[in-house]
**Student:** 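One structure, as structure tokens, below. Some questions next.
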There are 2 protein chains.
Amino acid sequence: MARLVDIAELAGVSVGLVSRVLNDDPATRATPETRERIMRLASELGYRPHYAARALKFARTNTIALVVPDLTNAFFAELTRGVEDESRRLGYTVLLGRSESLTDQTQISRLLDEGRVDGFLLQGRDDETTQSLTRLIGRAPVVLINSRIENRPGNVMIDDRAAARTATEYLLERGHRKIGLINGLPTSLTARRREEGYKEALQAAGISPSADRITRLGYEVSSAAPAVDWVMSRRDPPSALVVANVNAALGVLTHARHLGHRVPKDLSVIGIHDAWTADHTWPPLTTVRMPLYELGIRAVAALKDRLSGCDATDHIVRSVPPQLIERESVASLT
Amino acid sequence: MARLVDIAELAGVSVGLVSRVLNDDPATRATPETRERIMRLASELGYRPHYAARALKFARTNTIALVVPDLTNAFFAELTRGVEDESRRLGYTVLLGRSESLTDQTQISRLLDEGRVDGFLLQGRDDETTQSLTRLIGRAPVVLINSRIENRPGNVMIDDRAAARTATEYLLERGHRKIGLINGLPTSLTARRREEGYKEALQAAGISPSADRITRLGYEVSSAAPAVDWVMSRRDPPSALVVANVNAALGVLTHARHLGHRVPKDLSVIGIHDAWTADHTWPPLTTVRMPLYELGIRAVAALKDRLSGCDATDHIVRSVPPQLIERESVASLT
DNA sequence: TTGTACGCGTTATCAC
DNA sequence: GTGATAACGCGTACAA
């Protein structure tokens, strides 16, 4: 509400001086006395620099957009928390958008052309291809979360291989040898990396991965039923399932019950990512917790770098290792 | 990227004319020919009016902030969808904030003083009192969602009484007479209204509500366990529970199992609000679905009214009645 | 019918 | 040390 000119008038000085004092301009060493008067008036009037005026002046908004497919998803909620916290620390405001509504390139470039945001944090949908992603972001300053485009720097991801490896090893340690993987869509980079981790763990245990034990139908709850149907109807079905996403894992639990498999007695299930809901399934779901909060922090830092000109390097968040949350959905065969 | 002056130069006209043509100024009836040229150039260059420049000019941002306690909550996610859809329709941009980070009045008035937003949509936390709410919002243009302050117009809510009545009646119809209520905190207006609806239904069936059957510990999952402990340890415990929130209902299911009560055989449970997670509990949770999406739409409309000067009237969203989602957590006693 | 000039609030570049 | 002034992009009252 209060403007520089208001303070200037009351202090009997010029707007320029007020601006310089308030911004600690080193070139200006104002009289301690006037300086004091200006500061006091500013705080009394509750002066706040006008956002639009600054944005106009600097051609920079200090606002970034975070685009995620679905706010409901606990996965994204924790990511969002990390993004918000780090943004506040760095002086950014976050504009939150679902990719549903920011689905086409127009929306993105519009936000940019209108000068509403400086850049984007984009967590694509599972079924997003490199092409659709490239088309979507155009030449906008974007940091990709959990995906990557060739020759385009600036992306951050979690250690999907470690996640899947950790989950698989946990099952191996409990005597399971026939382990299935309920994976995300093959278009998804994270799904491919999780599959690598799963196979790595299997091979390290002297087991050769079988195509009959892997489905790639998606991360959503709804994709769980057909996946379980398929994998459990193979010859020699698995005794345990690594589910690449905690939401899909809930669906697996429900559908397994529907088919008459008792978890964990007949079938063990472990999910990647943790969520509060995993405490309230039956049986409670064992999961591998991943550092999504830290991922959000890294993403903001990477975008800041990108906006500052320095090319952000790709980054896999490894500062916090995958963490096993043992509940009751995995049985020991030994 | 492209400015009015760019178009003006290429079209060989003045910026003023370009502006008027692009804004369909009725006072200006430009030559169809120049008009055509301007429009073509604008679309070719992908012209977008600069957000900050407009905001500075009009002292209005067409941006509103939506403040909710927790994005994870499916309740708020659906509300958010409604808010976003209606905002886009009305030309608003939505700034999403958790109330965690917007906890004190400074944050709110700061957003306002900086001219970042025109107004707020505020869904307070369950434990927010009228005092803390009043302090929080100050004189800011706010529409309250699911709460109210005396003598302060502008709030929207769902029909909490109808919700609780519907849930209670459903249990009554199935022969239950001893029905408990696991309610939100007594500070919460919605909790008080739900309690009214619950009692109404009971009394209409000739049953007088008993204090021994009501807890008021909160809407969160974590509040469920102590609530169930208490209500089930009374003399003559209930055969069915109305849980005032779907998340708390998940906690009720889990804790009931922990205590050895089989749902629905020993104890029936019905939750208010629906969420996808209710499909994946055991047993699947019967709920009363409330029109949260429509609530979001109404909230935006109310804020628009408030910002336009016309005092928004209080509004209870009744366009969509409570909808029973029958799953398997309620048994019939008859 | 169209061009010119001013102001929105801020900062930076000059003079004094 | 401090004050005047131009500029950021837009819309509009006024002049032509």
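Below, each value reflects all heavy atoms present in this structure, side chains not excepted, and no hydrogens, waters or symmetry copies. So you know, we letter chains A, B, ... as the sequences are listed, proteins then strands, and number each from 1.
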**Student:** Go through the structure and list residues passing side chain to side chain contact (heavy atoms under 4.5 Å, CB included) with B:His273, not counting sequence neighbours.
**Tutor:** B:Phe75, B:Ile158, B:Arg194, B:Asn245, B:Val246, B:Met290, B:Leu292
**Student:** Checking A:Ser19 side chain against A:Val15 main chain: does a donor-acceptor pair fall under 3.5 Å?
**Tutor:** no
**Student:** For the pair A:Asp118 (side chain) and A:Thr61 (backbone), establish whether a donor and an acceptor sit closer than 3.5 Å, ignoring hydrogens and angles.
**Tutor:** yes
**Student:** Rounded to the nearest angstrom, tell me the gap between atom CD in A:Glu33 and atom P in D:dG1.
**Tutor:** 14 Å
**Student:** Would A:Glu294 and A:Arg298 pass as an ion pair if we require N to O under 4.0 Å?
**Tutor:** no
**Student:** Of all nucleotides in DNA chain C with an atom under 4.0 Å from a non-hydrogen atom of chain B, which is the first and which the last going 5' to 3'?
**Tutor:** C:dT1 to C:dG9
**Student:** Suppose we screen for side-chain hydrogen bond (donor to acceptor under 3.5 Å, both in side chains). Which residues come up paired with B:Arg116, at least two apart in sequence or across chains?
**Tutor:** A:Thr93, B:Glu114
**Student:** Over how many whole Å does the gap from A:Glu9 atom CD to D:dG3 atom P extend?
**Tutor:** 13 Å
**Student:** Any carboxylate oxygen within less than 4.0 angstrom of a Lys/Arg side-chain nitrogen, looking at A:Arg110 and A:Asp113?
**Tutor:** no
**Student:** Taking side chain to side chain contact (heavy atoms under 4.5 Å, CB included) as the definition, give me every residue that meets it alongside B:Lys57, ordered by chain and number, with sequence neighbours left out.
**Tutor:** none
**Student:** With sequence neighbours excluded, what pairs up with A:Asp25 under the salt bridge (charged side-chain N to carboxylate O under 4.0 Å, His left out) test?
**Tutor:** none
**Student:** Which residues satisfy the side-chain hydrogen bond (donor to acceptor under 3.5 Å, both in side chains) test with A:Ser132, sequence neighbours excluded?
**Tutor:** A:Glu128, A:Thr129
**Student:** Does this structure show an ion pair linking B:Arg40 with B:Glu44, if we count only N-O contacts that are shorter than 4.0 Å?
**Tutor:** yes
**Student:** Spell out protein contact along nucleotides 10-16 of chain D as letters: B when the base is contacted, S when just the sugar-phosphate is, - when no protein heavy atom is under 4.0 Å; keep the 5' to 3' order.
**Tutor:** BBBB---
**Student:** What does the inter-axis angle of the helix from C:dT1-D:dA16 to C:dC16-D:dG1 come out as, five pairs per end, nearest 10 degrees?
**Tutor:** 60°
**Student:** Please enumerate all residues that pass side chain to side chain contact (heavy atoms under 4.5 Å, CB included) together with A:Ala11, with sequence neighbours excluded.
**Tutor:** A:Val13, A:Arg37, A:Ile38, A:Leu41
**Student:** Please list, in numerical order, the residues of residues 38-45 of chain A that have a heavy atom closer than 4.0 Å to any atom of DNA chain D.
**Tutor:** none
**Student:** Applying side chain to side chain contact (heavy atoms under 4.5 Å, CB included), can you list everything that pairs with A:Glu220, at least two apart in sequence or on another chain?
**Tutor:** A:Asp126, A:Ser222, A:Ser223
**Student:** For B:Arg89, which residues count as a salt bridge (charged side-chain N to carboxylate O under 4.0 Å, His left out) partner, sequence neighbours excluded?
**Tutor:** B:Glu86
